[in-house]
There are 2 protein chains.
Amino acid sequence: MSRPTRYDRDAALDAAMLVFWEKGFHATSLKDLETALDMKPGSIYGAFSSKENLYLLALDRYFKRSVARFRAHMADTPSPLTGLAEHLRGFARMTQDNTSRQVCMLTRTLIDTTATNPEIAARTKQYLADVRHAFAEGFEHAKAMGELPSHTDCAVLARRFQGSVSALRFELHLGTDQADMTSLAEELARDIEALRIRAT
Amino acid sequence: MSRPTRYDRDAALDAAMLVFWEKGFHATSLKDLETALDMKPGSIYGAFSSKENLYLLALDRYFKRSVARFRAHMADTPSPLTGLAEHLRGFARMTQDNTSRQVCMLTRTLIDTTATNPEIAARTKQYLADVRHAFAEGFEHAKAMGELPSHTDCAVLARRFQGSVSALRFELHLGTDQADMTSLAEELARDIEALRIRAT
DNA sequence: ATATTTGTTGAGCGAACGCTCATTAACTGC
DNA sequence: GCAGTTAATGAGCGTTCGCTCAACAAATAT
């Protein structure tokens, strides 16, 4: 019974994520969303309740996808420490891909909404903490495999790592060229690898 | 001749800088500015032409003040390398000061305006490059004083240094507590000091 | 005093904002 | 076919947006 939906919810959320990621919460208008989702205002509200709620759904998508990608990458790398270093080098390879030439959406959101949308900001802080936790797990894994000294504070390393990721994404956003991106990523990656215990 | 202005242009620009810095370009409304500057719309437009122009004036102020502060700090530090390290440690001491618990306004602006206000974004990119140049000068000075190897690439160090500053400011924005701020700043500062040539 | 100049005022402009809802369309069950 | 159910539509709601301008106020010059 009943009429089937014309739109593909998954595709619509993907599209919403991209516009929001690119323009931010405040600069994205309902008109922008109507165009991107190819849906009329009534349908958007029927499906997603409000602009803010749609934003939260898009953000959740971004978060889950980022963490999943990171975990998948770590899962097929024999050395966790190398995996972490490679994750940083990966950003230098995004130079061509224009859709990814952007700041981290979580970073962006926190900046956009701290002063104006406490609910979104609070959720974002949680996501950022979760991402940091995933990074910390990577370092813990490295420690368990004997790549790091047993006294290593993985939480501290994770915070620094997150800083490196932010810095790289910001450089992408800035438009920094391939060569500079590569050398910056390489330096940050080497810092990670330098933590490895050398068999003396 | 003629009627004198009721407002203090300098104070008004300071106030504008603070609101814009806190809320960003898009989330700051004329109402917000009327309140912050204690001026009526007509006066604001008489004095500053447009919201965008006022933003550019506020941004310019932020930029000049930041660079001046950095240069002044470096000028009264005998060792440039220590000065750079101390600059990073300084951010951990901002934990109390709520007005400064924010991302760098240049970072914020670039993110806010890249997709929507090309003119502001272009100006911001220039400012960010100028700041990086000021950092590079600090490293050059350190090199000239024999604190760094003569083959050191100061431009690369400056880019990393700017990344560290961004990371610290972002942690402030996030609300990271005093202890974590101090340890993060300390680590980043030590990385700078570790570059120093050791008298062997 | 008066003329001139310039700053201040705030009601209100047109446009855009996020959002709603009566109406219409497309399906299923009988 | 028709009744029942749910999705899609888009004109248009009330509000707020950035901004203007005719009227007024406060100074100087003569």
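Everything numeric here is computed off the predicted structure, so don't read it as measured data. Just so we're on the same page: letters track the sequence lines, and every chain starts at 1. Computed from heavy atoms alone, side chains included, the values below leave out hydrogens, waters and symmetry copies.
Ion pairing between A/Arg93 and A/Glu86 holds under the 4.0 Å rule for side-chain N and carboxylate O. Ion pairing of A/Asp60 with A/Lys64 is present here, as a side-chain N (NZ or NE/NH1/NH2) and a carboxylate O approach within less than 4.0 Å. Using a 4.0 Å cut-off between charged side-chain N and carboxylate O, A/Asp10 and A/Arg61 make a salt bridge.
Regarding A/Asn53, its CG atom lies at a distance of 10 Å from the P atom of C/dC19, rounded to whole Å. Rounded to a whole Å, the CZ atom of A/Phe48 is 16 Å from the P atom of C/dT20. Distance NZ (A/Lys23) to C1' (C/dC17): 14 Å, rounded to an integer number of Å. Taking atom CZ of residue A/Arg9 and atom P of nucleotide D/dT6, one finds them 17 Å apart after rounding to whole Å. Note: CD1 (A/Ile44) to P (D/dA7) measures 16 Å, nearest angstrom. Taking atom CE on A/Met39 and atom P on D/dA7, their separation rounds to 11 Å, with Å as the unit.
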Output a table of nitrogen or oxygen pairs between the protein and nucleotides 17-20 of chain D separated by less than 3.5 Å.
{"residue": "D/dG18", "atom": "OP1", "partner": "B/Thr28", "partner atom": "O", "Å": "3.2"}
{"residue": "D/dG18", "atom": "OP1", "partner": "B/Lys51", "partner atom": "NZ", "Å": "2.9"}
{"residue": "D/dG18", "atom": "OP2", "partner": "B/Leu30", "partner atom": "N", "Å": "2.7"}
{"residue": "D/dC19", "atom": "OP2", "partner": "B/Tyr45", "partner atom": "OH", "Å": "2.2"}
{"residue": "D/dC19", "atom": "OP2", "partner": "B/Lys51", "partner atom": "N", "Å": "3.0"}
{"residue": "D/dC19", "atom": "O5'", "partner": "B/Tyr45", "partner atom": "OH", "Å": "2.9"}

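A ring-centre distance under 6.0 Å is not found for A/Tyr62 and A/Phe20.
Within the 4.0 angstrom heavy-atom criterion, base atoms lie near A/Ser43.
A/Asp180 and A/Ser183 share no side-chain donor-acceptor pair at under 3.5 Å.
By the criterion of side-chain heavy atoms lying less than 4.5 angstrom apart, applied directly or through intervening Ile, Leu, Val, Met, Phe, Trp or Tyr residues, A/Phe135 is not grouped with A/Val156; the two fall into different hydrophobic clusters.
Contact annotation: B/Lys40 side-chain N/O to C/dG10 OP1/OP2 distance is under 4.0 Å. Proximity of B/Arg3 to the phosphate of C/dT4: no side-chain N or O atom is located under 4.0 Å from OP1 or OP2.
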